J.: 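Structure provided below as structure tokens; questions to follow.
What you see below is based on every heavy atom in this structure, not just the backbone, and it leaves out hydrogens, waters and symmetry mates. For clarity, every value in this text was computed on a predicted model and none was experimentally measured. Residue numbering restarts at 1 for every chain, and letters A, B, ... go by the order of the sequence lines.
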Amino acid sequence: MSHRCWLVKSEPETFSIDDLAASPRRMTSWDGVRNYQARNFMRAMAVGDRVFFYHSNADPPAVVGIAEVSRTAYPDDTQFDKSGDHYDPDSLPDAPRWDMVDIRFLEKFDQAVSLDRLRKEPRLKGMTLLKKGSRLSVQPVTPSEWDIIVKLGKAHKR
DNA sequence: GCCAACGTTGGC
DNA sequence: GCCAACGTTGGC
């Protein structure tokens with residue numbers, strides 16, 4: 001059975017792919033997602049699914065590497081933390097509204113694949129990330145999109 | 001159910 | 001820092 005592919009966004013100043021690689025066991029819980037569509041995509045993730053790590057609000061914005069899902073969706077504890085930024089007063093402990101998954105670092109690309117570069121690739125034209133106004137922080141990636149981007153991330157030898 | 005107001009995202 | 005696009009909220 002093959003795994004599905006995803007993309008998650010993070011601002012590198014907040015949490016970069018290097019932060020992920022430097023985390024204990026190279027893992028982190030992907031908390032703080034507060035968008036229903038993004039949450040539903042996380043709920044559809046399976047252990048072993050591949051995940052592109054995208055740096056948003058970066059210079060340049062870019063896909064910078066690969067992680068994998070190491071734990072399927074479970075309640076995001078930050079929704080109950082009154083002192084935290086992600087507190088949701090409307091979420092009840094016996095019916096949590098927001099979930100998170102765990103992801104583990106797999107690799108950093110030899111070369112980041114910038115948003116600009118992605119836009120230049122005709123075969124990526126339909127990609128969710130490239131759609132006008134798309135702000136989804138967790139989104140699916142098709143297998144063909146995956147392969148194209150992985151190739152772009154490998155260093156060119158000549 | 002409509003839609004204006006508001007807050008957020010994220011490229012530039 | 002600006003602002004377009006989007007999602008959510010709440011009055012009606």
Side-chain angles (χ1 to χ4, degrees), chain A residues 4-23 27-45 49-69 72-103 105-142 144-146 148-154:
Chain A
R4 273 176 291 189
C5 307
W6 308 93
L7 178 147
V8 299
K9 298 178 182 174
S10 184
E11 301 193 14
E13 301 219 340
T14 304
F15 191 84
S16 71
I17 192 164
D18 293 329
D19 293 328
L20 178 62
S23 297
M27 280 177 43
T28 197
S29 51
W30 207 252
D31 61 21
V33 173
R34 296 294 180 268
N35 169 285
Y36 288 105
Q37 210 179 343
R39 180 203 67 183
N40 293 342
F41 284 132
M42 286 202 297
R43 287 182 174 173
M45 289 179 178
D49 281 2
R50 294 315 196 224
V51 181
F52 279 140
F53 200 106
Y54 178 83
H55 281 173
S56 61
N57 266 315
D59 186 22
V63 179
V64 291
I66 300 174
E68 69 174 346
V69 175
T72 54
Y74 62 107
D76 177 347
D77 43 21
T78 66
Q79 69 197 298
F80 303 120
D81 176 8
K82 287 195 172 85
S83 60
D85 288 342
H86 300 297
Y87 177 59
D88 181 351
D90 297 327
S91 184
L92 305 172
D94 49 354
R97 175 177 295 180
W98 305 111
D99 282 358
M100 58 189 177
V101 295
D102 289 352
I103 66 167
F105 174 86
L106 285 183
E107 68 176 273
K108 189 174 172 179
F109 283 160
D110 298 320
Q111 50 190 16
V113 183
S114 71
L115 184 58
D116 220 42
R117 182 67 190 86
L118 295 173
R119 288 217 169 97
K120 281 182 184 148
E121 179 54 56
R123 294 176 63 203
L124 294 177
K125 202 161 183 189
M127 201 180 168
T128 301
L129 183 73
L130 304 183
K131 297 226 168 90
K132 188 176 177 183
S134 172
R135 305 184 313 178
L136 254 190
S137 64
V138 178
Q139 56 184 258
V141 171
T142 69
S144 64
E145 290 164 353
W146 182 271
I148 293 164
I149 294 169
V150 167
K151 286 194 183 91
L152 293 172
K154 306 277 183 201

J.: Answer with yes or no after comparing the ring centroid distance for W98(A) and Y36(A) against a 6.0 Å cut-off, counting only values under it.
T.: yes
J.: When you list every nucleotide of DNA chain C with an atom under 4.0 Å from a heavy atom of chain A, which one comes first 5' to 3', and which comes last?
T.: dA5(C) to dT8(C)
J.: Is any side-chain heavy atom of F52(A) closer than 4.5 Å to one of C5(A)?
T.: no
J.: Does D77(A) have any salt bridge (Lys or Arg N to Asp or Glu O under 4.0 Å) partners at least two apart in sequence or in another chain, and if so, which?
T.: none
J.: Where each residue is assigned the nucleotide of DNA chain C containing its nearest heavy atom, which of R135(A) and R97(A) is assigned the position nearer the 5′ end?
T.: R135(A)
J.: Could you give all pairs that pass the salt bridge (charged side-chain N to carboxylate O under 4.0 Å, His left out) test and reach residues 84-95 of chain A, with sequence neighbours left out?
T.: D88(A)-R97(A)
J.: Will you find, in the side chains of D76(A) and T78(A), an N or O donor that is under 3.5 Å from an N or O acceptor?
T.: yes
